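Here is the structure we will look at, set down as structure tokens.
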Amino acid sequence: MKNIFYVLIAASMLFSACAEKTLVIPELSAGKKRILIEEITGVNCPNCPDGARELKALQNQFGKENLIIVGIHSGGNLSSPISGSKYDFQLQEGYDMTNYIGTLFGLPSASINRIENLADETPFLIGGWAAQVSAELDKDYGLDIFVNNTYNAETRSLDINVNLAPENPINEEVRLTVVITQDSIVDAQYEGTIILPNYMHQHVLRDVVSKTDGDIITEDLGANALVKKTYTVKLSEAWDAKHCNVVAFLQRGSGKNKEILQVAEAHVVE
Amino acid sequence: MKQRFLLFSFLLTLGGLQAQNRITGNLQSNGNFFIADEKIGATGTPQYDYQKFGAESWVNLNYSNWGFDLGLRFDMFNNSNLLNPQGSFSGEGIGRWFIKKKIDKFEASAGYLYDQIGAGIIFRAYEERALLIDNALVGLKVGYNFNENWRIKAFTGHTKRQFKTYDSTVRGAVLEGFIKPDSTKAFTLAPGIGVVARTFGDETVNDIVNTIATYAPQDSTGAQYNTYAATFFNTMTAGNVTWYLETAFKSKDVINDIFASNARGGVGKLVNRPGYTVYTSVSYAAHGLGITVEMKRTKDFAFRTVPFPQTPPIQGPLNFLPPMAKQNTYRLTARFAPQTQELGEQAIQIDLKYKINKKIAVGLNISDIQDLNGKELYREITPEVTIKQSKKWQLIGGVQLLHYNMPVYQGKPDPKDESDPIEFLGGGRADYVDGLTPYGEFLYKFSPRKSMRLEAQYLLTDDEFGSWVNVVAEFGWAPHWLCYVSDMYKIPHHNAAEYPASKTKYDGLHYPSVGLVYTQKANRFSIAYVKQVEGINCAGGICRFEPTFHGVRLNISSSF
């Protein structure tokens, strides 16, 4: 028995040196700031294809993953269907969103992160988009948003899971807006004085899943908190699911300042 | 080159020694011819698409002399789907060698070693060929017998990974004893205490750090090189009662929590948590009655060589957690087998057998497995009766009532049933397979050498693909011949149009098999045409998905 005791002590020494140098895990930070561009456009708007080309150029310049675009057909007559149109892209929710963002002066125009233009007190800019995008990309609020979609092709039911992951605390009212857009829709579009019958429409707003002025986040958004929001919608039969995307963004919610703090986009079908 | 030299030297040595001592060994070879059949899903793997043939073989040699035990095993995999049923693996070489020497009370082994501590909860190096698990410890083991009742052993090495090793190192020790306080009474204790430590290799630690570096801050976790596990176990025997208890703890360990939701909205992330497992088994056997009650509670006890998912995920274990469900052998009662949940489960299993008289015996098995929050994962109730008429015939009949959590065990959703034929079992709840499977087996001996065995099962369910029936007829002419024919049939849905195509895709299909086995002393040869539906294949609570098989299987096994 004495021998066993000695051996036990010896064996335990094999494991006694338990303290070890701590492994250094890199300090993690929230994802890079992304920009939301809400473009007000229309199929009956002769200059709008110029706006679409400008946005594509901006995506090429700043990175497609950094610039998320929602095309809202809410320009009144300029967004109404024209000869040869198969679809009407106008939505009441699109008009509601536009009215909520601010005053519209003409098409094409775009709100970039809903930053107010001090000169004319409207968030909708006509021209000067690149400078505004560049300025917005320099900001960082230490916040990330993750969108995860689960789509059932048989029932066309879409479960949208949005995770809000602040690295820094957010101590003000913020609102989450979730919309569905669709790419690659071939339909008529005016350009100048001619109608392009097979124009490729991108980023077309199809549905606003949340309230149009955003759902107020009541949960605590302290440092490193994780707030999960879930939405379920049924995709219209008229939409091609493989070209649909979910866009979710968080904005300042109280008062006039509606600045978008972060935005994320995910395909409905990966 | 080194391996070839080793093999050559070993064979030369054995050749020279053969005159003095006998060499023993065995051979096992499997060959699979794959026949693609899109209708049943037998397609999409390299074997079906272009390789057409896969094989695996093990040749094992053992030799003992002068207190030495020597062993050598040649392994060969040729476009084999055994490692990964959806992939192809080729390789050949020395799959195992070992040398063992006993010097008085001291014992030492080196090479590829199989061993376990207690029930294997903190350490088990073993081979399970059906799943190609071979996690031998490549290293050194020493032991010392203090007396005939007490011994200690210690080991260190790396875990085998096919023809390589994982970079993590393992070391451990166990002290085991046997106590019989009173030689006149049937009361004994067999206690033991074991410890194991695993140190991640640099490459694994770099992978861990780099993986965590991609996480959102909300998912960040710590990590360390070393994890320690300790266990205490004891078998107490008192008359007709045997009681086994094992309690194991593990310090913080980086494990892959496949069920944890991450900040990015997905599922699965590395976590760094300690864990424990408590397992106990009490059995009583006397007067024709046999009762075994097992209980287990596990929390975060995945103990692996590396934390990352392997291909397939069952590869790379350091330990073995005892399964808590009946090990079913009939094809349809085994269709929904539960995989041991390393991250958390609490389970109880009761197995009752009672021999009413010489002709009739009854049995009842109840398994119930829940997660740590009390959510039902698996429940099986199987009453069974065996009727034996002298040596002429035997009839086994039973019914399996099953409740099985599909997302947890197979990662697939299971929608709520619209018209569940066995609603009383689970109410057709979403995510659960509810099955009612009556089964029977009849063995008839025409003569001491000629026999026939018939078995049939009917799986009644509205879940997964729906109901199945399976029948097997087997004829044996001892001692050489055995042939069998079987068919598993997918019963079509009456209202197929109401279901998605994924549910009705196998409706009306037959999965026949026919095989012939020839045994000549220690040699066994078999050939079979097999059509087998996709499903879960388990061995000892370790399960994996295996796709549809269609083809011809050849097997040779031989001992010499």
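Convention: sequence-line order gives letters A, B, ...; per-chain numbering from 1. The shown structure was predicted, so the numbers you read here are calculated from the model rather than taken from an experiment. Values below: every heavy atom of this structure, side chains too, minus hydrogens, waters and symmetry copies.
- Checked by atom type and distance alone, the side chain of B:Q224 never pairs as donor or acceptor with a backbone atom of A:E20 at under 3.5 Å.
- Looking at residues two or more places apart in sequence or on another chain, you find a ring-ring contact (aromatic ring centres under 6.0 Å, His included) between B:F155 and B:F123.
- For a residue to count as touching a neighbouring chain, one of its non-hydrogen atoms must lie under 4.5 Å from one of that chain's; by this rule A:A225 touches chain B with the backbone only.
- Within 6.0 Å of the NZ atom in B:K503, the count of heavy atoms belonging to other residues, nucleotides or ligands exceeds 12.
- When the candidates B:S502, B:A223, B:A216 are compared by the number of heavy-atom contacts under 4.5 Å with chain A, B:A223 comes out ahead.
- Counting heavy atoms of neighbouring residues, nucleotides and ligands inside a 6.0 Å radius, atom NZ of B:K412 exceeds 12 of them.
- When the heavy atoms of residues 226-252 of chain A are compared with those of chain B, the residues falling under 4.5 Å are A:L226, A:K228, listed by number.
- B:E148 CD: 12 or fewer foreign heavy atoms inside a 6.0 Å radius.
- Here B:A263 is the residue among B:A213, B:G266, B:S220, B:A263 with the most heavy-atom pairs under 4.5 Å with chain A.
- Among B:S261, B:P500, B:A230, the residue with the largest count of heavy-atom pairs under 4.5 Å with chain A is B:P500.
- At least one donor-acceptor pair closer than 3.5 Å links the side chain of A:N163 to the backbone N or O of B:N262.
- When heavy atoms are compared at a cutoff of 4.5 Å, B:T156 does not approach chain A at all.
- Few gaps surround CD on A:E173; more than 12 heavy atoms of other groups in view lie less than 6.0 Å from it.
- Scanning all heavy atoms of the two residues, the minimum distance from A:I25 to B:I212 falls at CG2-CG2, 3.5 Å.
- Listed here is the closest heavy atom pair of B:Q218 and A:A165: NE2-C, 3.2 Å.
- Atom NE2 of A:H267 has 12 or fewer heavy atoms from other residues, nucleotides or ligands within 6.0 Å.
- Shown here is B:K505, whose NZ atom has more than 12 heavy atoms of other residues, nucleotides or ligands within 6.0 Å.
- Counting heavy-atom neighbours within 6.0 Å of B:K180 NZ, excluding the residue itself, gives a total above 12.
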